[in-house]
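Read the structure below first, then the notes.
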Amino acid sequence: MKIIILLGPPGAGKGTQAQRLMSERGMVQLSTGDMLRAAIKAGTEVGLKAKAVMDAGELVSDDIVTALIAERLDVPADHPGFIFDGYPRTVPQADSLDRLLAERGFKLDRVIELEVDEEALVDRISGRFSCGSCGEGYHDRYKLPKTAGVCDVCGGTEFKRRPDDNAETVRTRLAEYRAKTAPILPGYEARGMVVRVDGMASMDSVSASIAAILAD
Ligand code: AP5
């Protein structure tokens with residue numbers, strides 16, 4: 001079982017690379033952002049609590065996201081592994097993840113930090129959209145559907161944009177990353193777990209770097 005954390009600010013490419021690892025290696029993506037958006041869509045109590053916080057670009061409480069993660073970790077030892085995408089995002093979340101993994105006898109293999117230029121992130125995020133049917137991700141300039149208006153994967157014709165994907169909210173999300181998420185790195189660095197990848201390279205090149213890290 002491989003267990004990795006993809007770390008990086010909003011728009012660094014965590015979701016893009018996690019999706020590729022899922023389809024290529026069968027590893028399971030655990031994205032707290034996706035789980036929270038699903039809860040909002042389903043109108044659950046968690047969704048109701050999370051919506052205004054997410055729309056403002058701030059962080060949802062540690063207890064809520066850790067509970068979402070915990071309920072997905074009860075798997076057999078021959079499971080192909082997990083890619084944590086957007087979790088942990090605070091020092092208490094990193095401590096909780098250590099505890100959750102230790103309780104199950106699982107071991108974190110790597111923390112892969114996608115290094116990016118913050119100005120490019122505003123551009124990446126404000127151009128992002130996805131298929132309303134299957135969720136395949138696209139971008140106004142970097143990844144358009146092969147046939148305009150038709151999803152490459154499922155043929156769907158409805159597309160959507162996230163409510164928090166606007167320049168103003170992205171700046172709040174970046175500030176939250178710097179203030180609350182970046183401080184988790186020194187702890188992982190002290191354990192020799194962090195590998196850095198140039199997240200400004202092409203998607204294929206980032207995937208190749210991650211594949212090389214996982215082959216180690
Ligand atoms: P979340 O859903 O986790 O969003 P995020 O971290 O802000 O990250 P994004 O999904 O925006 O970016 P990404 O790095 O996945 O980039 P992507 O691959 O899509 O969180 C949303 C909110 O939920 C938070 O603000 C918070 O409120 C809440 N939340 C979630 N988890 C939480 C937690 N643990 N604790 C508390 N609150 C939590 O790529 C972006 C775009 O760039 C795409 O269009 C893509 O096509 C393009 N792209 C990707 N890679 C490249 C490349 N190499 N070159 C060019 N373009 C690229």
Side-chain angles (χ1 to χ4, degrees), residues 1-8 10 12-47 49-50 54 59-114 130-131 133-137 153-154 180-181 184-185 187-195 197 199 203 206-216:
M1 182 189 296
K2 283 265 184 214
I3 300 184
I4 62 168
I5 295 172
L6 285 182
L7 197 65
K14 305 180 296 291
T16 301
Q17 296 302 327
Q19 286 284 328
R20 289 180 174 208
L21 289 167
M22 284 229 292
S23 58
E24 287 159 15
R25 293 172 176 260
M27 293 170 76
V28 171
Q29 174 192 23
L30 293 181
S31 159
T32 38
D34 287 349
M35 293 171 203
L36 291 166
R37 281 183 287 278
I40 291 172
K41 198 170 170 195
T44 65
E45 195 182 325
V46 163
K49 281 188 189 151
M54 290 174 75
L59 294 187
V60 174
S61 82
D62 291 336
D63 291 351
I64 288 181
V65 289
T66 295
L68 290 172
I69 287 291
E71 65 193 29
R72 285 162 172 88
L73 293 182
D74 291 320
V75 298
D78 62 353
H79 186 276
F82 296 108
I83 311 134
F84 289 97
D85 161 10
Y87 184 94
R89 242 176 164 103
T90 63
V91 171
Q93 288 180 29
D95 293 342
S96 295
L97 181 59
D98 281 344
R99 178 180 48 78
L100 291 172
L101 294 179
E103 281 168 1
R104 290 160 178 80
F106 297 161
K107 193 178 82 30
L108 179 63
D109 290 289
R110 284 270 178 246
V111 177
I112 300 177
E113 186 193 8
L114 300 176
S130 62
C131 172
S133 303
C134 73
E136 179 69 6
V153 174
C154 74
K180 295 176 185 164
T181 307
I184 72 177
L185 268 164
Y188 289 125
E189 269 165 353
R191 288 152 64 184
M193 312 218 77
V194 181
V195 190
V197 168
M203 293 181 203
V206 175
S207 300
S209 301
I210 292 174
I213 292 164
L214 294 183
D216 252 4

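In this chain, residues are counted from 1 in sequence order. No hydrogens, no waters, no symmetry mates; every other heavy atom, side chains included, goes into these values.
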(request) Show your reasoning for whether side chain to side chain contact (heavy atoms under 4.5 Å, CB included) applies to M54 and I40. (result) CA-CA 10 Å; M54 290 174 75; I40 291 172; 3.8 Å; yes
(message) A side-chain contact here means heavy atoms from C-beta on lying under 4.5 Å apart; do R89 and V60 qualify?
(response) no
(message) For the CG atom of L36 and the CG atom of L68, what is their distance to the nearest 0.5 Å?
(response) 5.5 Å
(request) Calculate, to the nearest 0.5 Å, the distance between atoms CG and CE belonging to L108 and M193 respectively. (result) 4.0 Å
(message) Rounded to the nearest 0.5 Å, what separates atom NZ in K49 from atom CD1 in I64?
(response) 5.0 Å
(message) Please enumerate all residues that pass side chain to side chain contact (heavy atoms under 4.5 Å, CB included) together with D62, with sequence neighbours excluded.
(response) T90, P92, Q93
(request) Compare every heavy atom of P80 with every heavy atom of G26, then report the nearest pair and how far apart it is. (result) O-CG, 3.2 Å
(request) Measure the CD1-CD1 distance between I112 and I4 for me, rounded to the nearest 0.5 Å. (result) 4.0 Å
(request) Answer whether the closest heavy-atom distance between the side chains of V75 and M1 falls below 4.5 Å. (result) yes
(request) Side-chain contact test, heavy atoms from C-beta onward, threshold under 4.5 Å: evaluate it for L7 versus V194 and give yes or no. (result) no
(message) Is any side-chain heavy atom of R25 closer than 4.5 Å to one of R20?
(response) no
(request) Check L6 against A18 and note the closest heavy-atom contact, atom names and distance. (result) CD1-N, 3.8 Å
(request) Give the minimum heavy-atom separation between P88 and T181, together with the two atoms involved. (result) O-CG2, 4.2 Å
(request) Quick one: closest heavy-atom pair of A39 and V46, and the distance? (result) CB-CG1, 4.1 Å
(message) Please determine whether salt bridge (Lys or Arg N to Asp or Glu O under 4.0 Å) holds for the pair R191 and D98, giving the CA-CA distance in whole Å, both sets of side-chain angles, and the decisive distance to 0.1 Å.
(response) CA-CA 12 Å; R191 288 152 64 184; D98 281 344; 3.1 Å; yes
(request) Identify which one of K14, Q17, Q29 satisfies the side-chain hydrogen bond (donor to acceptor under 3.5 Å, both in side chains) criterion when paired with D85. (result) Q29
(request) Could you list all the side-chain hydrogen bond (donor to acceptor under 3.5 Å, both in side chains) pairs where at least one residue sits in residues 68-77, not counting sequence neighbours? (result) D74-R104
(request) Please tell me if the side chains of F106 and L100 come closer than 4.5 Å, counting only heavy atoms from C-beta onward. (result) no
(request) Look only at the side chain of K2 and the backbone of L214, and say whether a donor-acceptor pair between them is shorter than 3.5 Å. (result) yes
(request) Kindly assign one of parallel, tilted or perpendicular to the pair F82 and H79, based on the angle between their ring planes and the thresholds 30° and 60°. (result) parallel
(request) Decide yes or no for I210 and E24: does some side-chain heavy atom of the first lie under 4.5 Å from some side-chain heavy atom of the second? (result) no
(request) Begin from the C-alpha positions of Y87 and T66 and carry the test side chain to side chain contact (heavy atoms under 4.5 Å, CB included) through to its verdict. (result) CA-CA 9 Å; Y87 184 94; T66 295; 2.8 Å; yes
(message) Would you say that V206 contacts T16 through its side chain, given a criterion of any heavy-atom pair below 4.5 Å between the two side chains?
(response) no
(request) Take I184 and V111 through the test side chain to side chain contact (heavy atoms under 4.5 Å, CB included) and record every step on the way to the result. (result) CA-CA 11 Å; I184 72 177; V111 177; over 6 Å; no
(request) Check whether any side-chain heavy atom of F84 sits under 4.5 Å from a side-chain heavy atom of I3, and report yes or no. (result) yes
(request) Identify the heavy atoms of G135 and S130 that sit nearest to each other, and give their distance. (result) O-CB, 3.8 Å
(request) Could you grab the distance from atom CG of L185 to atom CD of E113, nearest 0.5 Å is fine? (result) 4.5 Å
